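Being a predicted model, the structure only gives us computed values, none of them experimental. Lettering of chains follows the sequences in order, A, B, ..., and the numbering in each one begins at 1.
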Protein chains: 2
Amino acid sequence: MRKGEETRNRILDVAEAAVLQKGFGGTSIEELIVETGITKSGFFYHFKDKNELAKALLNRYIENDERIYDEIFSRARDLMDDPLQSFLLGLKLLSELVADLPNGHPGCLVATVCYYERLFDREIQETNRNAVLAWRRRFGRMFREIMEVYSPREPVDVDQLADMVSSVLEGGIVLSKTLKEPNTLAEQVLMLRTFVRMLFLPAIESPLVAVRHDQIYGTVRSGGL
Amino acid sequence: MRKGEETRNRILDVAEAAVLQKGFGGTSIEELIVETGITKSGFFYHFKDKNELAKALLNRYIENDERIYDEIFSRARDLMDDPLQSFLLGLKLLSELVADLPNGHPGCLVATVCYYERLFDREIQETNRNAVLAWRRRFGRMFREIMEVYSPREPVDVDQLADMVSSVLEGGIVLSKTLKEPNTLAEQVLMLRTFVRMLFLPAIESPLVAVRHDQIYGTVRSGGL
DNA sequence: CCCCTCCTGTACCCACGGTACAGTTTTCAG
DNA sequence: CTGAAAACTGTACCGTGGGTACAGGAGGGG
């Protein structure tokens, strides 16, 4: 029971790294069993086929992803009371986290599945879709909280704004991987942060606007983190 | 000569659609020759192996991509003299273009290659890298032109700002494909447009800032396109 | 007329996904 | 300690797909 779980996780670890580098089609079961140190029969004991492996891989990835976001943004929430400042801090922490990855971000399995979809069953595609929808809900919730305190400088749809976070992350990963520039992703997260700050905060170098903002919402910290 | 070129292009058409849906590893040469209506020998007459196919596919895709950007932004440049207004119009045109795609955006080959890299030779990876660098130069050039006339509300790095365009496009495609919501990509492009406008233009609902801006740069159209 | 481009046909090899199933070791609960 | 379930190993086999190797044929231009 315990042992089986451990082997299964080892297979998933090896598979995840391989899939993110070569895609599902480019990853052979053969190489997975060699690197994991088990036999083919052993592999098929844990996963009845490649589709099952993909399913487990994707679910594990999404769970882990959610956990990371939970940690970062709840940490930011503990440090900052204001929803906007807390979100901006969260993005800062996120950018630091991806900047500290030794070989750059390995890639996002959601994107991998997205570019491989037709070969998987509907269940996997639904899982993937729900993962993106969960991001939308998560960031949407945070933006709604922010909008209870701040009003955006320009009219924006909350869901689209929430999707912007996912877009920049997914796009940033693609750029970072393609350019082989690990810090590009972190920079993009900070650009997104600039966008969000600009959308909700008065310009830092314009006292004129700051005053106007204060008149409406009261004094808020205008400095960045 | 003429005939061969045509067959070659037909293979590339079929291959492009298949690869964007299933990835390179998930696309078999078998299915390509069936759909193209040629034999296996015929296929290998045109491409000595799958890597060669990928190379041709990627080069053609990038060329076409560049052509589309050239058209859109030169068209926008013809209609608007101001570099910022012209860029904003370009993004609007781009969002309309992707919104009009019947089945949504089919996917970006650059991203597909990015998530398959290790199985291709260095040449393809370099081609891919150069494509992203070309985007950076293209949009960077446009932002530099804008910055000769407007100064950004917040300090930003031009290259990072240029990369933001690529990020949002790549990320928007992933979201759109995964959610099976074709308009998500168009919405993300418009969100990016909001970002750029907000970065360089005074808030539309704030006459105070508009006045301040006018004092510096003279009267500009403040309404959006 | 011949040569070159653009294919078709056939035959074959190996890697990989997957199945089947018999047997063996490990683990852990009673 | 024991026995049954869990966690494997080993072997053999099949179909598909990537790729090679040629031999040969249609069709058009000089």
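Contacts of B:Phe24 classified as ring pair (Phe, Tyr, Trp, His ring centres under 6.0 Å), with partners at least two apart in sequence or in another chain: B:Tyr116, B:Phe120. Applying the side chain to side chain donor-acceptor pair (under 3.5 Å) rule to B:Arg129 yields no partners; only residues at least two apart in sequence or on another chain are considered. Every residue meeting the side chain to side chain contact (heavy atoms under 4.5 Å, CB included) condition with A:Ala76, not counting sequence neighbours, appears here in chain and number order: A:Ser86, A:Leu89, A:Leu93. By the salt bridge (charged side-chain N to carboxylate O under 4.0 Å, His left out) test, A:Asp65 is found to be paired with no residue, residues two or more places apart in sequence or in another chain being considered. Considering only residues two or more places apart in sequence or on other chains, A:Asn130 meets the side chain to side chain donor-acceptor pair (under 3.5 Å) condition with none of them. Not counting sequence neighbours, the partners of B:Glu31 by the salt bridge (charged side-chain N to carboxylate O under 4.0 Å, His left out) test are B:Lys22.
Between B:Tyr45 and the phosphate of C:dC7, there is no side-chain N or O to OP1/OP2 separation shorter than 4.0 Å. Residue B:Thr7 places at least one side-chain N or O closer than 4.0 Å to OP1 or OP2 of C:dC7. Proximity of A:His46 to the phosphate of D:dC8: a side-chain N or O atom is located under 4.0 Å from OP1 or OP2.
We find that CD of B:Glu6 is positioned 18 Å from P of C:dT5, with the value rounded to whole Å. Distance CD (A:Glu5) to C1' (C:dT27): 15 Å, rounded to an integer number of Å. In this structure, B:Ile11 places its CD1 atom 11 Å from C1' of C:dC6, rounding to the nearest Å. Taking atom NZ of A:Lys22 as the reference point, atom P of C:dC16 lies 10 Å away to the nearest angstrom. Atom CD1 in A:Ile38 sits about 14 Å away from atom C1' in D:dG10, given to the nearest Å. If you measure from atom CZ of B:Arg8 to atom C1' of C:dT5, you get 14 Å, rounded to the nearest angstrom.
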Polar atoms only, N or O, under 3.5 Å: list the protein pairs with nucleotides 18-24 of chain D and their distances.
| from | atom 1 | to | atom 2 | distance (Å) |
| --- | --- | --- | --- | --- |
| D:dG18 | OP1 | B:Thr27 | O | 3.4 |
| D:dG18 | OP1 | B:Ile29 | N | 2.8 |
| D:dG18 | OP2 | B:Ile29 | N | 2.8 |
| D:dG18 | OP2 | B:Glu30 | N | 3.3 |
| D:dG18 | N7 | B:Lys40 | NZ | 3.2 |
| D:dG19 | OP2 | B:Lys50 | N | 3.1 |
| D:dG19 | N7 | B:Lys40 | NZ | 3.1 |
| D:dG19 | O6 | B:Lys40 | NZ | 3.0 |
| D:dT20 | OP2 | B:Lys48 | O | 3.4 |

Please write out each protein N/O paired with an N/O of nucleotides 26-28 of chain D under 3.5 Å, distance rounded to 0.1 Å.
none

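For B:Phe87 and B:Phe143, the gap between ring centers is short of 6.0 Å.
Residue pairs meeting the salt bridge (Lys or Arg N to Asp or Glu O under 4.0 Å) criterion with at least one member in residues 162-174 of chain B, sequence neighbours excluded, are B:Arg136-B:Asp163.
Salt bridge status for B:Arg60 with B:Asp13: present, with a side-chain N to carboxylate O gap under 4.0 Å.
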